[in-house]
Amino acid sequence: MAITIYMNDTTFREDGAIYTYLQTTWAGARDATTGTVTDTGGANSTGIRDGRFPGRGAGYFYSVSRSFLQFDTSTILTRPNSCQIGIYGYLNGVGRVNCVKATAVPFLNATDFDAIEGWVAGVDNSGNVTPYAAEIGSWNTSGYNYFQANDTALDDMTANSTLEVCLLGRGDLRNISPSSDLKNGLYFSESGTITGPKLVYVPSTDAVFFGANF
């Protein structure tokens with residue numbers, strides 16, 4: 001039987017988006033070491049974003065948003081057979097979304113914009129970061145999007161009391177400057193258990209038997 005763990009925003013575990021906005025270069029938006037934190041709303045229509053906007057004259061502005069989630073996995077004592085990371089979409093569903101390991105615990109602040117394991121500024125990070133699931137190419141804005149957790153994610157949710165996740169766009173991950181505004185919205189934990197982020201995992205079959213004779 002599958003067990004569900006909902007993201008619960010507390011002092012030690014938070015979820016929210018961190019973004020840079022209206023930068024004059026792609027590098028300025030994507031390779032920044034600080035951003036603006038939004039961690040109090042129930043949803044964010046641009047929580048995952050690789051954006052380019054027309055500026056004044058012939059130039060452009062750029063914006064990048066990354067969403068961070070910190071699930072309490074302290075009750076998972078043995079490695080699950082499988083797990084899905086469920087994120088409910090909201091309004092925008094244009095870009096491809098990646099799910100990777102983050103390093104922002106215990107709470108989100110401006111300097112966590114690049115709090116991603118293995119992150120290096122100025123390069124394609126698809127081979128540097130630690131992926132937790134395969135990329136989602138089509139984002140559902142009226143239901144859950146499920147990332148199928150890989151072996152690394154299953155190991156981490158067993159070994160650690162917190163599973164830290166960063167959701168970011170394909171162009172952001174691979175350092176591909178966008179030609180348009182690619183944005184994906186999502187609900188955060190403040191929205192409640194109808195639309196909030198969740199882990200849905202199948203426990204290990206290594207059951208504990210009481211009163212059995214072997």
Side-chain angles (χ1 to χ4, degrees), residues 9 14-70 87-104 107-129 131 135-142 145 147 164-191 195 197:
D9 197 320
E14 291 185 316
D15 61 349
I18 307 178
Y19 67 91
T20 59
Y21 190 60
L22 296 182
Q23 301 298 305
T24 56
T25 65
W26 168 242
R30 189 255 186 179
D31 296 327
T33 56
T34 62
T36 300
V37 180
T38 58
D39 61 353
T40 57
N44 190 316
S45 62
T46 58
I48 305 156
R49 189 180 208 172
D50 311 330
R52 189 181 82 163
F53 320 90
R56 294 181 179 179
Y60 293 96
F61 290 120
Y62 298 87
S63 181
V64 169
S65 296
R66 300 164 186 163
S67 285
F68 294 83
L69 306 103
Q70 302 168 352
I87 308 296
Y88 205 105
Y90 175 67
L91 293 183
N92 296 309
V94 180
R96 294 171 173 264
V97 181
N98 286 265
C99 177
V100 303
K101 183 175 181 176
T103 59
F107 50 82
L108 300 181
N109 58 53
T111 59
D112 288 324
F113 182 66
D114 61 350
I116 300 169
E117 184 171 273
W119 189 264
V120 179
V123 303
D124 177 353
N125 277 306
S126 57
N128 297 329
V129 301
E135 178 182 86
I136 289 182
S138 180
W139 193 251
N140 184 1
T141 60
S142 58
N145 300 274
F147 294 92
E164 290 197 69
V165 170
C166 175
L167 304 177
L168 72 166
R170 180 189 183 99
D172 184 9
L173 176 63
R174 301 191 178 194
N175 197 24
I176 302 171
S177 179
S179 58
S180 60
D181 189 12
L182 305 176
K183 53 191 176 184
N184 301 79
L186 70 158
Y187 283 91
F188 290 112
S189 61
E190 290 86 353
S191 68
T195 55

- Task: Show your reasoning for whether salt bridge (Lys or Arg N to Asp or Glu O under 4.0 Å) applies to R30 and D172.
- Result: CA-CA 7 Å; R30 189 255 186 179; D172 184 9; 3.7 Å; yes
- Message: Is a donor from one side chain sitting under 3.5 angstrom from an acceptor on the other, for N140 and S138?
- Response: no
- Sidechain N-carboxylate O distance under 4.0 Å for D181, R52: no
- E135 with R170: basic N within carboxylate O range, under 4.0 Å: yes
- Is the F61 to F53 ring centre distance short of 6.0 Å? no
- Message: If you define the side chain from C-beta out and look only at heavy atoms, does anything of F113 sit under 4.5 Å from T34?
- Response: no
- Message: Looking at every heavy atom in both G47 and S67, which two are closest together, and how far apart are they?
- Response: O-OG, 2.9 Å
- Query: Taking the side chain from N92 and the backbone from S45, do they hold a donor-acceptor pair closer than 3.5 Å?
  - Reply: yes
- Message: Working note: N125 + V120, criterion side-chain contact (heavy atoms from CB on, under 4.5 Å); need CA distance, chi angles, decisive distance, verdict.
- Response: CA-CA 7 Å; N125 277 306; V120 179; 3.7 Å; yes
- Query: Would you say the side-chain atoms of D15 and S189 include a donor-acceptor pair closer than 3.5 Å?
  - Reply: yes
- Message: Looking at W119, I'd like to know if the NZ or CZ of R66 sits under 6.0 Å from its six-membered ring centre while staying within 45 degrees of the ring's axis.
- Response: yes
- Can you check whether R49's main-chain N or O pairs, donor with acceptor, with S65's side chain at less than 3.5 Å? no
- Evaluate side-chain contact (heavy atoms from CB on, under 4.5 Å) for T38 paired with Y19, printing each intermediate quantity in order. CA-CA 8 Å; T38 58; Y19 67 91; 3.5 Å; yes
- Would you say the side chain of L167 lies within less than 4.5 Å of the side chain of F147, judging by non-hydrogen atoms? yes
- Query: So, does N145 use its side chain to make a donor-acceptor pair with the main chain of W139 at under 3.5 Å?
  - Reply: no
- Query: Distance-only, no hydrogens or angles: does the D31 side chain make a donor-acceptor pair with backbone N or O of G122 under 3.5 Å?
  - Reply: yes
- Query: Does I48 reach the side chain of L186, with side-chain heavy atoms less than 4.5 Å apart?
  - Reply: yes
- Item | Criterion side chain to side chain donor-acceptor pair (under 3.5 Å) on D50 and W26, from CA distance to verdict | CA-CA 9 Å; D50 311 330; W26 168 242; over 6 Å; no
- Under 3.5 Å, side chain of Q70 to main-chain N/O of E164, donor-acceptor pair present? no
- Message: Could you work out, with side-chain hydrogen bond (donor to acceptor under 3.5 Å, both in side chains) as the rule, every residue matching T111, not counting sequence neighbours?
- Response: N109
